[in-house]
Amino acid sequence: MPGSESGTAAEQRFSVNLSILFTELPLLERPAAAAAAGFTAVELWWPWVDSPTPERSELDALKKAIEDAGVRLTGLNFYAGQLPGPDRGALSVPGEESERFRANIDVAAGLAESLGCTALNALYGNRVEGVDPAEQDALALENLVLAARAADRIGAILLIEALNRPESPLYPLVSAPSAVEVADKVDEATGLGNARFLMDLYHLSMNGEDLPSVIERYAARTGHVQIADNPGRGAPGTGSLPLEDLLGLLRKAGYEGWVGLEYKPGDRPSADAFGWLPAGRRAAR
């Protein structure tokens, strides 16, 4: 990808994740910073890690910042606990966290709908010591069904993401098949068909998965793609992942959705972390 004016970079639609890039700026300044860098699409983890139900004024301020910047919100996480931090979601965690997830469902869906966002990501949550995994999985399915129905009401898809075992040892979905299996169970339970796989190439590579095989097998079940290089979770070209080739395989497999830039900028301003992508390729077509 670095320095490439042709090939897959010209054909992809890129979205900047404002929860990992531009974090040196206050939240409400990040959409404009992404726009200034030439991008027209952004995505977010749930921005209020302490609150699944923030004040209406906070929701409205974020909506206005995104609209004023002239960018589109293409993806939003449901409440997921402390992220970044020790948590990896809330929906399978019995008690208060599950309740917080449920309280967030309509709030997140409402914010997404108000901005034309059609993809909502539901992080599964860590295993809890002393709790039967089957109990957590039953709770997860119950909550994912609620989330899928809320997403369907606003014309959105529900994303199920696989993370990586080295960085998320308590997270049960640490392979492509495990995440797709959950998405299939949600679809079977709802009959809506709107649960999809979130294919994060960084996480899958950290798990040692055969990425070309994963793409071939699951591109049709994939609702969103995220990228970062490995090792380091930095920008493309900072590690050894053949990201240009992998994105090319995704295109050939029929994936035409968004590619989220979910990488760390490193020891530099985020605005300087896009040198791998020519300026003329950043605005979505």
Side-chain angles (χ1 to χ4, degrees), residues 12-23 27-35 37 39-49 51-80 83 89-91 101-123 143-161 183 186 190 192-200 221-227 255-262 282-285:
Q12 298 292 344
R13 295 190 298 161
F14 293 102
S15 177
V16 177
N17 189 301
L18 297 181
S19 298
I20 194 168
L21 285 156
F22 294 109
T23 58
L27 174 64
L28 298 184
E29 294 179 19
R30 296 176 203 169
F39 292 94
T40 56
V42 300
E43 60 185 47
L44 281 164
W45 303 341
W46 184 248
W48 299 278
V49 296
S51 177
T53 54
E55 295 291 332
R56 168 55 60 184
S57 59
E58 293 186 83
L59 294 163
D60 289 345
L62 178 58
K63 178 177 184 287
K64 184 176 187 300
I66 291 171
E67 290 175 337
D68 287 352
V71 294
R72 175 180 172 185
L73 183 68
T74 60
L76 178 66
N77 283 19
F78 287 107
Y79 169 79
L83 187 75
L91 63 91
F101 177 83
R102 290 190 186 191
N104 174 250
I105 290 175
D106 286 341
V107 179
L111 177 61
E113 182 179 30
S114 74
L115 286 162
C117 173
T118 56
L120 288 161
N121 183 25
L123 284 170
N143 283 337
L144 285 168
V145 164
L146 295 174
R149 288 175 178 155
D152 182 68
R153 286 195 293 271
I154 67 166
I157 59 173
L158 175 72
L159 296 169
I160 309 295
E161 182 174 9
V186 174
T190 65
L192 295 172
N194 70 332
R196 305 282 171 79
F197 176 41
L198 194 166
M199 184 187 294
D200 186 310
R221 286 293 281 125
T222 298
H224 187 54
V225 171
Q226 291 174 331
I227 62 170
Y255 180 75
E256 296 180 347
W258 295 95
V259 176
L261 307 182
E262 196 185 58
R282 298 176 189 177
R285 289 170 172 77

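Basis for what follows: all heavy atoms, side chains included, without hydrogens, waters or symmetry-related copies. One-based numbering along the sequence shown.
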Margin query: So, taking the atom named OG in S57 and the one named CG in L62, what distance separates them when rounded to the nearest 0.5 Å?
Written below: 11.5 Å

Check: Taking the side chain from R30 and the backbone from N17, do they hold a donor-acceptor pair closer than 3.5 Å?
Finding: no

Next item on the list: Specify the closest pair of heavy atoms between A156 and A119, including all atoms of both residues, with the distance to one decimal.
Entry: CB-N, 4.1 Å

Next item on the list: Start with the C-alpha distance between L27 and L44, add both sets of side-chain angles, then the distance that settles side-chain contact (heavy atoms from CB on, under 4.5 Å), and finish with yes or no.
Entry: CA-CA 10 Å; L27 174 64; L44 281 164; 4.1 Å; yes

Note to self: Any non-hydrogen side-chain atom of V107 less than 4.5 Å from a side-chain atom of W46?
What the structure shows: yes

Check: Just how far is it from atom CD of E262 to atom CG of L198, taken to the nearest 0.5 Å?
Finding: 8.0 Å

Note to self: Using 0.5 Å steps for rounding, measure from the OG1 atom of T53 to the CD atom of E58.
What the structure shows: 10.0 Å

Next item on the list: Would you give the length of the straight line joining atom CG of L111 to atom NZ of K63, rounded to the nearest 0.5 angstrom?
Entry: 9.0 Å

Note to self: Quick check for you: to the nearest 0.5 Å, what is the distance between E161 atom CD and F197 atom CZ?
What the structure shows: 8.5 Å

Notebook entry, point to check: Is there a side-chain contact between R196 and R221, using heavy atoms and a 4.5 Å cut-off?
Noted result: yes

Notebook entry, point to check: Nearest heavy-atom pair of L21 and L261: which atoms, and what distance?
Noted result: CD1-O, 3.5 Å

Item checked: salt bridge (charged side-chain N to carboxylate O under 4.0 Å, His left out) contacts in which one or both residues fall within residues 104-117, not counting sequence neighbours -> D106-R153

Notebook entry, point to check: Does H224 offer a backbone N or O that forms a donor-acceptor pair with the side chain of T222 under 3.5 Å?
Noted result: no

Next item on the list: Kindly give the heavy-atom pair with the smallest separation between I105 and A150, and that separation in Å.
Entry: CG2-CB, 3.4 Å

Check: Would a 4.5 Å heavy-atom cut-off, applied to side chains only, mark N77 and L120 as touching?
Finding: no

Notebook entry, point to check: Taking the side chain from N121 and the backbone from W45, do they hold a donor-acceptor pair closer than 3.5 Å?
Noted result: no

Checklist line | Minimum side-chain heavy-atom gap L192-L158 below 4.5 Å | finding: no

Check: So, T74 side chain and V42 main chain: donor-acceptor pair closer than 3.5 Å or not?
Finding: yes

Check: Does any non-hydrogen side-chain atom of E55 lie less than 4.5 Å from one of W48?
Finding: no

Next item on the list: Can you measure from CZ (R13) to OH (Y255) and round to the nearest 0.5 angstrom?
Entry: 7.5 Å

Item checked: Atom of L76, atom of L73 and distance for their closest heavy-atom approach -> CB-CD2, 4.4 Å

Margin query: The test is side-chain contact (heavy atoms from CB on, under 4.5 Å); show your working for I66 and V71 and say whether it passes.
Written below: CA-CA 6 Å; I66 291 171; V71 294; 4.0 Å; yes

Notebook entry, point to check: Hey, does T118 have a side-chain heavy atom less than 4.5 Å from the side chain of R72?
Noted result: yes

Check: Got a sec, which residues hit salt bridge (Lys or Arg N to Asp or Glu O under 4.0 Å) with E29, two or more places apart in sequence or on another chain?
Finding: none

Next item on the list: Search all heavy atoms of Y79 against all heavy atoms of F101 and return the closest pair with its distance.
Entry: O-CD1, 3.7 Å

Note to self: The test is side-chain contact (heavy atoms from CB on, under 4.5 Å); show your working for L91 and F78 and say whether it passes.
What the structure shows: CA-CA 9 Å; L91 63 91; F78 287 107; over 6 Å; no

Margin query: Tell me if the aromatic rings of F39 and F14 count as close, with their centers under 6.0 Å from one another.
Written below: no

Next item on the list: Could you go through the side-chain contact (heavy atoms from CB on, under 4.5 Å) check for T190 and D152 one step at a time?
Entry: CA-CA 10 Å; T190 65; D152 182 68; over 6 Å; no

Next item on the list: Output yes when a side-chain donor or acceptor of N194 lies under 3.5 Å from a complementary backbone atom of A148, and no otherwise.
Entry: yes

Next item on the list: Could you pull out the closest heavy-atom pair between P54 and L59, with the gap in Å?
Entry: CG-CD2, 3.8 Å

